[in-house]
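Following: one structure in structure tokens, then a few remarks.
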Amino acid sequence: MARNDSFEKVFDLMLKEASTKLLEEEAEQLLSEQVDEHEFSVEHKKKMEKLFKKPEKTFFITFVKRHKSLVAVFIVLAMLACVSVPNTKAIKSVFMNYIFDKNAPGTRIIFESNNSAHYTSKNVNIGFIPEGYSLTLEKGEGLKKFLNYENGEKWFDFHIKDLEGMLTIDTEGAIVEEIDINGTKALLSIKPDVKILVWSSDDYALVMDGNIDKETLIKIAKSITVLE
Amino acid sequence: MILFSAIETEDDRKKSERLYEKYKNLMYREAYKILKNKQEAEDAVMTAFVRIINNLHKIDEKNHKATMAFLVRICVNVAKSRIKNISNQLNNEESVEENTQNTDIDYIPHEFIISQETNNTLKEIICSLKPVYQEVILLRYYSDFSVLEISEVLDEKTDTVKKRLLRAKKIIAKEYEKKANIKEKAESEVCLNGKK
């Protein structure tokens, strides 16, 4: 077995070398053809700016452990969208210390926590799955879990995420409501084609989205339990 | 759309922008070849960056050529996913994979020689693999992505990625042995002819 292990390691190293060589040769081919400068659309540029935006403490929501009496601070996203859509004044709704810019394609939420249990494994149980829905995609584990359920054209996703990093949600033109999920404040962003629900616990954030009706989405959310 | 992204440091932000500025036109060109639509191709470039942004630290900028080809591949993968739902096409393939029991260590060749020639042979074999297998091999071995990270980049289940990786390695091992046997046979024939 030991021989096989080392044999496999060497083989893996050779695959790494061969993969690198293959990519280098591909690059030569790619460059053999002229690369024209493409004028990317304004919309694309804005999206990329938002994607690459570095969080700054004063501009982002910070989630901290509630029992340490720390407060969530908020972020506003770029006002670029407001500039590009002069006829629509930016309307911001403030809920739970969040500010959603209705003209911005996405709102980012930065999570921060002093909790040391970020990478502990969690078992998620969704107690209520509406009739006709089945699990079609399951990815990740622990605090990086993603589940997708579908029933024909209808679908909903569930994500659990540690409180590190950030979450960008599409709130452009959305109606945002504050609701209660088993005693925890949650944000519900409603757009014609998708609803997004975000809430958090001491060491993880929970996100649901889907095109199912609001009541069902909330019912599912309330049925979710996260076990150590 | 919900994006989980993790640009948390100035270094990460600069790196993302650098990669984007350097390769956006090339990525766009390749995406456009597939999608034939300006906006779709631009979206493919963005989605490619969304998919890699959590693993920026694994992107080695030192090897400029390999990095370029790697990013273009991710973009092409996004573009291809956009024009067709490849999952249906893969279902049959993966049901075959599920039945492939890993009863033996047949995902590494029984023997191989560490040489430039072997390296070239492996490169040719990887090149001849179906795109779905090529992608996982390159992500795993060029970029050292974990199964979970590959699943995020390709937007596939971790189980699917695991199966594809194993299947790809089996194919490579099998093909390598086939080529090695052919070569060995040819050499022994030359040797015999020489003796005659």
Side-chain angles (χ1 to χ4, degrees), chain A residues 1 4 7-8 10-31 33-38 40-41 43-45 47-48 51-55 105-106 108 110 137-141 144 146 157 159 161 164-170 194 196 198 207 209, chain B residues 1-10 12-13 16-17 20 24-26 28-30 38-39 42-43 45-46 49-50 53-54 63-70 72-73 105 107-109 112 114 118-120 122-123 125-127 137-138 140-142 144 148 151-152 156-158 169 172-173:
Chain A
M1 189 53 104
N4 277 332
F7 207 51
E8 187 177 0
V10 176
F11 186 55
D12 284 353
L13 280 174
M14 295 195 73
L15 285 176
K16 183 176 176 64
E17 217 171 295
S19 300
T20 306
K21 196 158 193 254
L22 173 66
L23 287 171
E24 285 169 353
E25 287 182 10
E26 271 185 15
E28 294 285 354
Q29 278 182 338
L30 286 167
L31 291 175
E33 205 179 315
Q34 192 185 331
V35 186
D36 295 327
E37 188 80 22
H38 170 66
F40 283 85
S41 64
E43 195 189 346
H44 172 85
K45 285 177 187 168
K47 283 180 188 170
M48 294 311 291
L51 185 66
F52 294 154
K53 197 173 174 69
K54 179 184 165 274
R108 279 181 179 178
I110 304 298
L137 183 60
E138 183 175 5
K139 289 201 311 187
E141 51 204 26
K144 278 192 174 179
F146 171 82
D157 293 338
H159 315 244
K161 190 188 182 303
E164 286 186 343
M166 72 180 88
L167 162 70
T168 304
I169 63 175
D170 178 5
V194 68
I196 304 170
V198 188
V207 184
D209 61 321
Chain B
M1 178 166 52
I2 295 186
L3 312 170
F4 285 108
S5 53
I7 295 189
E8 289 180 7
T9 65
E10 184 63 14
D12 275 356
R13 191 189 61 76
S16 324
E17 283 187 348
Y20 173 71
K24 65 180 181 187
N25 289 317
L26 188 60
Y28 172 82
R29 185 190 77 187
E30 295 304 307
K38 185 184 161 185
Q39 197 189 327
E42 287 185 352
D43 282 351
V45 173
M46 186 194 74
F49 275 93
V50 168
I53 217 153
N54 286 321
N63 190 337
H64 158 69
K65 284 182 181 173
T67 304
M68 174 204 294
F70 176 74
V72 168
R73 266 182 172 269
I105 303 175
Y107 51 85
I108 44 176
F112 58 86
I114 303 169
T118 304
N119 192 4
N120 284 335
L122 289 175
K123 186 200 73 192
I125 297 168
I126 296 170
C127 204
I137 288 290
L138 293 174
R140 179 75 191 96
Y141 293 105
Y142 168 68
D144 290 328
L148 180 61
S151 76
E152 283 169 359
E156 296 284 0
K157 289 181 192 174
T158 48
K169 283 184 76 175
I172 294 169

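A, B, ... follow the sequence lines: proteins, then strands. Residue 1 opens every chain.
Proximity to chain B (any heavy atom under 4.5 Å) is restricted, for A:D36, to the backbone atoms N, CA, C and O. Proximity to chain B (any heavy atom under 4.5 Å) is shown, for A:E33, by both the backbone and the side chain.
Contacts with chain A were tallied for B:Q39, B:R73, B:E30, B:K38; B:R73 has the most, counting heavy-atom pairs under 4.5 Å.
The closest donor-acceptor contact from the side chain of B:R29 to the backbone of A:Q34 lies under 3.5 Å. In terms of modelled atom types and a separation under 3.5 Å, the side chain of A:E17 and the main chain of B:N119 share no donor-acceptor contact.
Aromatic ring pairs are classed by plane angle as parallel below 30°, tilted from 30° to 60° and perpendicular above 60°; the pair B:Y20 and A:F40 is tilted.
The local environment of NZ in B:K65 is sparse, with at most 12 non-hydrogen atoms from other residues, nucleotides or ligands closer than 6.0 Å.
Nearest heavy atom pair, residue A:L22 against residue B:C127, reads CD1-SG, 3.6 Å. Between B:I126 and A:A18, the closest heavy-atom pair is CD1-CB, 3.9 Å.
A salt bridge is defined here as a Lys NZ or Arg NE, NH1 or NH2 lying under 4.0 Å from an Asp or Glu carboxylate O, and B:D43 with A:K47 meets this definition.
Side-chain contact between A:H38 and B:E42 is present, with heavy atoms from C-beta onward closer than 4.5 Å. The shortest side-chain heavy-atom distance between B:M68 and A:L31 falls under the 4.5 Å cut-off.
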Salt bridge (charged side-chain N to carboxylate O under 4.0 Å, His left out) between A:E25 and B:K123, intermediate numbers included | CA-CA 10 Å; A:E25 287 182 10; B:K123 186 200 73 192; 2.8 Å; yes

